[in-house]
Colleague: 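Please see the structure below; I have some questions.
In what follows, chains carry the letters A, B, and so on, assigned in the order in which the sequence lines appear, proteins first and then strands, with residues in each chain numbered from 1.
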Amino acid sequence: MSEWSLYEVFVRSKHGLNHKHVGSVHATDARMAIENARELYTRRNEGISLWVVAADQITASNPQDKEMLFEPSQDKVYRHASFYQLPDEVGHM
Amino acid sequence: MNQTDELIDYLLQMGDSAMITGQRLCELCGHAPSIEEELALMNVGLDLVGQARNWLEYAAERLNDGRDADRLAFLRGEHLYRNLLLVEQPNGDYAQTCVRQFLYDAWHFHRLQGLQHSSDKMVAAIANKALKEVTYHLRRSSEWMLRLGDGTDYSHQRMQKALDQLWRFTHELCTVSEREQRQYQAGLCSDPQQQLNAWRETVESVLVRATLNLPPPAHYFYLSGIEGRHTENLGPLLANMQSLARAYPDARW
């Protein structure tokens, strides 16, 4: 058990939707991770597709970089489509 | 024996084997080697208990003597149980649990495939529904055969030992009885000889890939699940499983 690795699990609930991260499982390899993920995360009809990714293959942003990375976007309202007023003649887009 | 009796025996063999396997697997609740494996074992066990319910409900309907599926499961004596001898064997070490499950899953899978085209519509429907679950069960237990059989020297040795110990109970799984031959002729199932060959092929191919030695064919011995002559292991299992229903008959919650 101590030799089992951690895999992150992603489930797609319906065709056309994205795979979403739902949690993690332990397994000896990716195949077993898929089976374990099936047992843990899809037993109540949650999905139709599974991805597993070895947790050590994920590169994550550093929490200490939060201000630098994310705060500058907070005051850029013009980056949202709702910032712009549509001329009436455009109608519903 | 008339045709209805034969059908009931058949339904009981399917239902009881699933029920007893399910009970054995659920004994591992809280004891599995990892949380992932524990959930998987319980999922398989509960799949099988669900399938047992379908078979036993149909058996109760055909018996038509006032008993329901619960009564058949929880108030029937050991000698009236029709499950395979293999599945009543104790969990033992994890190698024994894995080998028992694999041998049963392979039998179960090919048996259900044969029943999908049964002339009895209800049998065909139950088999068809169960087959989706059992296809997965077989894949899962085959994976464990490969991982542990072709794993370390130590895991290989334990798996071979478990296989050699349990193999004698496969006599029932790979022999076509007169009863089965009659059931086949009545259109209840597909050719049992074909099912048997398919079981052997599946088992052989997985054992080869798992680097395990195929033991020589098992010999007949005096015990038989379908005849109700069980090993000493079924009694204690039923005593445990049936204790509540016997202490508080018709209890509700």
Colleague: Side chain to side chain contact (heavy atoms under 4.5 Å, CB included) for M19(B) and F74(B)? Distances and angles first, verdict last.
Modeller: CA-CA 11 Å; M19(B) 187 71 199; F74(B) 295 114; 4.1 Å; yes
Colleague: Using distance alone, with no hydrogens and no angle criterion, decide if D164(B) and Q160(B) have a side-chain donor and acceptor under 3.5 Å apart.
Modeller: yes
Colleague: Write out, in numerical order, the residues from residues 81-113 of chain B with a heavy atom short of 4.5 Å from a heavy atom in chain A.
Modeller: none
Colleague: Give me the contact list for residues 44-81 of chain A versus chain B, heavy atoms only, anything under 4.5 Å, ordered by residue number.
Modeller: none
Colleague: Can you tell if the side chain of V9(A) reaches within under 4.5 Å of the side chain of H21(A), non-hydrogen atoms only?
Modeller: no
Colleague: Tell me yes or no: between the side chains of N18(A) and R12(A), is some donor less than 3.5 Å from an acceptor?
Modeller: no
Colleague: Answer yes or no: are there more than 12 heavy-atom neighbours, outside E201(B) itself, under 6.0 Å from its atom CD?
Modeller: no
Colleague: Does a donor on one side chain and an acceptor on the other come within less than 3.5 Å for Y58(B) and D120(B)?
Modeller: yes
Colleague: Between Q242(B) and A73(B), is there a donor-acceptor pair closer than 3.5 Å when you use the side chain of the first and the backbone of the second?
Modeller: yes
Colleague: Can you tell me if Y84(A) has over 12 outside heavy atoms packed within less than 6.0 Å of its OH?
Modeller: yes
Colleague: For chain A, find its close neighbours in residues 130-149 of chain B: heavy-atom separation under 4.5 Å, sorted by number, or none.
Modeller: Y136(B), R139(B), R140(B), E143(B), W144(B), R147(B)
Colleague: Under 4.5 Å between any side-chain heavy atoms of E3(A) and T28(A), yes or no?
Modeller: no
Colleague: Any ion pair linking D70(B) and R76(B) (charged N to carboxylate O, less than 4.0 Å)?
Modeller: no
Colleague: To check you understand the geometry: which heavy-atom pair defines the closest contact between W55(B) and L115(B), and what is its length?
Modeller: CH2-CD1, 4.0 Å
Colleague: List for me each residue that meets ring pair (Phe, Tyr, Trp, His ring centres under 6.0 Å) alongside H171(B), sequence neighbours excluded, and say none if there are none.
Modeller: Y220(B)
Colleague: Is there a donor-acceptor contact under 3.5 Å from the side chain of S155(B) to the main chain of T152(B)?
Modeller: yes
